[in-house]
Amino acid sequence: MLITLANYPLISQDDLFIPRNILEAYDKETRSFDGRPGPNYWQNSADYKIDAEFDPINYTLTGREEVLYKNNSPDSLNRLVIRLYPNIFKKGSARDYSMVPEAVNEGVTIRNIGIDGRSINLENRSIFRVTSTVAILYLPRAVQANSSVEISVEWSFTLPTKATLRMGVYDTTAVFLGYWYPQIAVYDDTEGWDYYNYSGQAEFYNDFSNFEVKITVPNNYGVWATGELQNPEEVLETEIAEKYFLARNSDEVVKIITPDDLNSSAIYKNEEEKIHGSTKLKT
């Protein structure tokens, strides 16, 4: 048995190294030494309205979003940083994992971006450029402190069928879409814009935001998503919708869709070729 004895001096919290940006936050009183938000703390936020359609034949998602981005900071912002997480599969993107060639694709296609109702030139790299999963958009007019800007984005991408790195095609009946919409990155009081590229292992964080989402799929598909379904009586058969409403108000476990329901196919209304599900979420 080997025993090592050492005498290390005690170090108080005051002696620990503190990064310069954190010290500056203490000076500005946006943060406090005890970990609580300071009296001048702020956080930006956004309201998202997203309309998306998924094609399970070609595994393609097409979407449009309207974003009201609120600059609650004391800073003037001359650019926006946008997250394009599905670009983890794009050819040339940096990744922490090896990937089978069949899973590599063209990533997210941005068809249009509008700022306060005016389209921008996506071909002009001095205005808009994409590197891996991060897009930088230079604004024609800075977003002043305590003001907002309206952004519209039209985009699409195809899911990989040979890989399931947080999203992908699991089989012919199940598809998982994660981090699938263009997301305004975090701008905070210690780092400014978050430019870090998503390469597969890192976790995510976002501003507190409101979401109103409409998703269209073929009538024999269901959508399971975070949020509160706004139109269950329109997309679910009467018996299923009744169990859904019962579950919302019950303290007991309510099985909304059972194996018998799956076998009978009496789950979704199919008067139309497609069903539209809407959800609202506040985080």
Side-chain angles (χ1 to χ4, degrees), residues 19 21 44-46 48 50 52 54-55 58-65 67 69 71 75 77-115 119-140 143 149 151-170 175-188 190-207 209 211 283:
N21 59 337
N44 290 351
S45 63
Y48 291 83
I50 304 174
F54 182 67
D55 173 5
N58 299 301
Y59 302 117
T60 300
L61 183 135
T62 303
R64 176 182 173 83
E65 66 183 20
V67 185
Y69 182 72
N71 179 19
D75 306 323
L77 305 180
N78 66 353
R79 73 195 70 180
L80 297 175
V81 177
I82 302 174
R83 296 293 188 184
L84 302 175
Y85 290 119
N87 273 359
I88 186 70
F89 297 102
K90 185 177 180 179
K91 182 179 180 180
S93 289
R95 288 181 284 270
D96 296 322
Y97 307 96
S98 60
M99 191 170 291
V100 295
E102 297 86 350
V104 178
N105 57 33
E106 298 301 316
V108 180
T109 298
I110 302 295
R111 305 185 185 281
N112 184 65
I113 294 182
I115 302 295
S119 294
I120 67 165
N121 181 5
L122 297 176
E123 301 300 320
N124 188 339
R125 287 181 57 82
S126 67
I127 298 175
F128 179 76
R129 64 175 182 266
V130 178
T131 303
S132 291
T133 61
V134 176
I136 301 176
L137 172 63
Y138 291 89
L139 301 170
V143 186
V149 62
I151 309 109
S152 63
V153 185
E154 297 177 18
W155 82 97
S156 64
F157 67 89
T158 301
L159 268 74
T161 58
K162 300 296 183 179
T164 53
L165 181 57
R166 302 204 183 196
M167 68 178 75
V169 179
Y170 283 78
V175 174
F176 180 70
L177 285 162
Y179 319 104
W180 50 274
Y181 63 96
Q183 177 189 109
I184 309 299
V186 171
Y187 181 87
D188 65 22
T190 59
E191 301 287 343
W193 283 112
D194 176 19
Y195 290 104
Y196 287 103
N197 175 61
Y198 166 58
S199 54
Q201 285 188 321
E203 293 300 329
F204 308 90
Y205 78 127
N206 191 15
D207 292 316
S209 299
F211 296 85
T283 63

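The structure presented is a predicted model; accordingly, all values stated were derived computationally and were not measured.
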request  = Go through the steps to decide whether Y69 and L77 satisfy the test side-chain contact (heavy atoms from CB on, under 4.5 Å), and finish with yes or no.
outcome  = CA-CA 11 Å; Y69 182 72; L77 305 180; 4.1 Å; yes

ask   = Does the side chain of E191 reach to within under 4.5 Å of the side chain of V186, using non-hydrogen atoms?
value = no

query = What pairs meet the side-chain hydrogen bond (donor to acceptor under 3.5 Å, both in side chains) rule with one or both residues in residues 121-133, with sequence neighbours excluded?
reply = N124-S126, R129-Y138, T133-N197

query = Heavy-atom distance under 4.5 Å between the side chains of Y170 and T164, does that happen here?
reply = yes

query = What are the two closest non-hydrogen atoms of D207 and A185, and how far apart are they?
reply = OD2-O, 4.0 Å

message = By the side-chain hydrogen bond (donor to acceptor under 3.5 Å, both in side chains) test, which pairs, at least two apart or in different chains, include something from residues 86-110?
response = D96-S199

message = Y48: which residues meet the ring-ring contact (aromatic ring centres under 6.0 Å, His included) condition with it, sequence neighbours left out?
response = Y181, F211

Pairwise side-chain contact, R64 with I50, heavy-atom cut-off 4.5 Å (strictly under) = no

inquiry  = If I compare all heavy atoms of G107 with all of F157, which pair ends up nearest, and what's the gap?
reply    = O-CB, 3.6 Å

ask   = Got a sec: does the OH of Y196 have more than 12 other heavy atoms crowding it under 6.0 Å?
value = no

ask   = Is there side-chain contact between I110 and L84, with heavy atoms separated by less than 4.5 Å?
value = yes

query = Are W180 and M167 side-chain neighbours, meaning at least one heavy-atom pair lies under 4.5 Å?
reply = no

message = Among N112, L137, I151, which residue satisfies the side-chain contact (heavy atoms from CB on, under 4.5 Å) criterion with I120?
response = L137

ask   = Between F204 and Y85, what is the ring plane arrangement, given parallel below 30°, perpendicular above 60°, and tilted in between?
value = perpendicular

ask   = Between N44 (side chain) and N71 (backbone), is there a donor-acceptor pair under 3.5 Å?
value = no

task = With sequence neighbours left out, write down each residue that passes salt bridge (charged side-chain N to carboxylate O under 4.0 Å, His left out) with E65, or none if nothing qualifies.
result = none

ask   = Who passes ring-ring contact (aromatic ring centres under 6.0 Å, His included) against Y59, sequence neighbours left out?
value = none

task = Walk me through it: do Y187 and D194 pass the test side-chain hydrogen bond (donor to acceptor under 3.5 Å, both in side chains)?
result = CA-CA 6 Å; Y187 181 87; D194 176 19; over 6 Å; no

key: Shortest non-hydrogen contact from Y195 toward V134   = O-CG2, 3.6 Å

message = Could you work out, with ring-ring contact (aromatic ring centres under 6.0 Å, His included) as the rule, every residue matching F89, not counting sequence neighbours?
response = none

query = With a 4.5 Å limit on heavy-atom distance, are the side chains of V67 and I184 in contact?
reply = yes

query = Could you state the interatomic distance from OH (Y198) to CZ (R83), rounded to the nearest 0.5 Å?
reply = 11.5 Å

task = Indicate yes or no for a side-chain donor-acceptor contact from N58 to the backbone of T60 under 3.5 Å, with no hydrogens or angles considered.
result = no

Close side-chain approach of F176 and L159, heavy atoms under 4.5 Å = no

task = Decide yes or no for Y179 and R166: does some side-chain heavy atom of the first lie under 4.5 Å from some side-chain heavy atom of the second?
result = yes

key: Nearest heavy-atom neighbours spanning T62 and S156   = OG1-CB, 3.9 Å

